[in-house]
Amino acid sequence: MKKEWPLWEVFVRSKNGLEHRHFGSLHAADAEMALENARDVYTRRNEGVSIWVVESKYITASNPSENGEMFEPAKNKVYRHPTFYKLPDEVKHM
Amino acid sequence: MSEKELINLEQIFEERIERDEKIEPKDWMPEKYRQTHIRQISQHAHSEVVGMLPEGNWITRAPSLRRKAALLAKVQDEAGHGLYLYSACETLGISREELYQQLHTGKAKYSSIFNYPTITWADIGAIGWLVDGAAIINQVALCTTSFGPYARAMVRICKEESFHQRQGYEIMLTLCNGTEAQKAMAQDALNRWWWPSLMMFGPKDEDSPHTAQSMKWKLKRKTNDELRQQFVDQTVPQAAILGISIPDPHLKWNEASGHYNFGEIDWEEFWQVVKGHGPCNKERMEARVGAWEEGAWVREAAMAHANKQTNKKVAKAS
Ligand SMILES: [Fe+2]
Ligand SMILES: [Fe+2]
Ligand SMILES: [Fe+2]
């Protein structure tokens, strides 16, 4: 049996209408304790209205050393941006 | 990796820092950058945690419910600061267990200021005013440091620190507007905390061999002496408002430089405390290690409970 408490990532919605944002991490024995600790550590001054916690080991992250291959396809498709299309100045509201 | 590839990576890395790009945990970084950050961030985390001890000493004896609630909230904040910093440090690939172990075996250091005793209530005022004041100066300078998780932790910490300093100064103000005995108590606290607070900024620049490298990595944005001067310049007028005097006969406004001149720090004392011979080094470590060891059964029980719950859920599902 593992003795050390696992690591959890904490996401907080600061107010309704905004997305949850990564706030940090903490150790806890289980999800319930992770939520309670997250409340005590990250929302002592009304920083949040909703908290998500997820055990860090379940997060799959991209590798920055492969950023070239990973994000290059987005860069060379300039036609996805409005500025790619040349229109006469007289055209308004577009 | 060939040596040529390594040099190339290092150069790209230095250029990124030069451009003020943040370094994130999974990015490639030189081993020395990683190790230096683990050392500095963990030392900072340990300081937040050990820093709770001298103040915790007064929670049950605070003179009013208002003071007690404020002190309790402040000490709780320091626990939070420790946690943000440990988390930032763990992203560099070191475990929390290992970090604690380094603290408990004396391998890692924490700020020497916490090896001084808090013998009167005025010490709680002086700590908030001077020690948190000095910490804020250090920490504001670190909000733009190059390592992303450290910079983000600093931003959160700085937001919380300003209440710490204000509550300390308010304690001093109340004592200084009180009876003669109360004012004397405030003066005595200032006398004892002034020099150790100046020491918080570390050795003089000429005796600080890592400064150049740390400045280059933006792990330091200002030198020890620059930060110390900033602290003296901002604190002297605050002492004047309190009506108590700073225990330094050489303290004098320098019209030409636009800064205060101040006397020489007792560096012998500084190194003695760093080496473990301060008034409370032993007591602090005993309290810290004791708390960790006596809490072991709680941590184990919580883990056993969590495992039991998981097993129950699995059994139900199958
Ligand atoms: Fe703090
Ligand atoms: Fe701090
Ligand atoms: Fe503080």
Side-chain angles (χ1 to χ4, degrees), chain A residues 1-15 18-49 51-72 75, chain B residues 1 5 9 12-13 16 21-29 72-74 76-91 95-100 148-149 152-153 155-157 159-160 162-163 295-313:
Chain A
M1 190 184 77
K2 246 188 32 238
K3 259 173 66 186
E4 277 87 66
W5 292 357
L7 189 65
W8 300 74
E9 300 302 322
V10 179
F11 300 83
V12 176
R13 184 201 295 290
S14 44
K15 62 177 196 188
L18 295 180
E19 61 280 75
H20 285 76
R21 200 164 60 79
H22 184 238
F23 259 48
S25 49
L26 48 77
H27 290 268
D30 56 25
E32 203 186 324
M33 188 195 281
L35 265 184
E36 285 167 1
N37 287 358
R39 176 202 56 198
D40 290 346
V41 177
Y42 292 107
T43 62
R44 285 198 303 283
R45 291 179 175 84
N46 294 320
E47 290 95 334
V49 294
I51 303 176
W52 291 346
V53 291
V54 60
E55 227 184 299
S56 311
K57 68 176 183 195
Y58 294 120
I59 290 182
T60 308
S62 65
N63 186 344
S65 69
E66 286 156 18
N67 275 6
E69 306 89 290
M70 187 82 176
F71 299 108
E72 181 53 35
K75 272 191 199 148
Chain B
M1 195 185 312
E5 279 172 318
L9 279 174
I12 294 170
F13 179 85
R16 289 184 63 194
E21 265 182 49
K22 294 290 179 207
I23 306 302
E24 294 295 343
K26 285 173 74 89
D27 293 348
W28 184 89
M29 60 185 79
L72 200 54
K74 178 191 190 283
Q76 193 188 11
D77 274 354
E78 307 299 4
H81 298 174
L83 182 125
Y84 308 153
L85 289 162
Y86 280 130
S87 303
C89 200
E90 284 171 85
T91 65
S95 73
R96 182 77 68 89
E97 289 284 305
E98 215 176 327
L99 290 168
Y100 286 159
R152 291 192 286 275
V155 171
R156 289 190 66 83
I157 287 174
K159 270 188 204 151
E160 300 182 355
S162 76
F163 126 65
W297 71 272
V298 180
R299 296 192 299 277
E300 280 162 32
M303 207 58 226
H305 174 75
N307 285 333
K308 213 158 109 188
Q309 295 301 315
T310 319
N311 292 344
K312 253 192 218 160
K313 267 185 219 155

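Proteins get letters first, then strands, A, B, ... in listed order; numbering begins at 1 in each.
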Part of [X] within contact of chain B (heavy atom distance under 4.5 Å):
{"X": "A/Ser56", "result": "neither"}
{"X": "A/Ser25", "result": "both"}
{"X": "A/Glu47", "result": "side chain"}

Worksheet item: Does some side-chain heavy atom of B/Ile157 sit less than 4.5 Å from a side-chain heavy atom of B/Leu85?
Response: yes
Practice prompt. Indicate yes or no: does B/Lys22 engage B/Asp27 in a salt bridge with an N to O separation below 4.0 Å.
Written response: no
Practice prompt. Determine the interplanar angle of the A/His20 and A/Trp52 rings, folded into 0 to 90°, and report it as parallel if under 30°, tilted if 30 to 60°, perpendicular if over 60°.
Written response: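 If you compare the ring of A/His20 with that of A/Trp52, the planes turn out parallel.
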Item to complete: Please name the pair of heavy atoms, one in B/Glu24 and one in B/Gly148, separated by the smallest distance, quoted to 0.1 Å.
Response: OE2-CA, 3.7 Å
Contact class of [X] relative to chain A, heavy atoms under 4.5 angstrom:
{"X": "B/Arg152", "answer": "neither"}
{"X": "B/Glu160", "answer": "both"}
{"X": "B/Glu90", "answer": "side chain"}

Worksheet item: So, the side chain of A/Arg39 versus the backbone of A/Leu35: is there a donor-acceptor pair under 3.5 Å, distance only?
Response: no
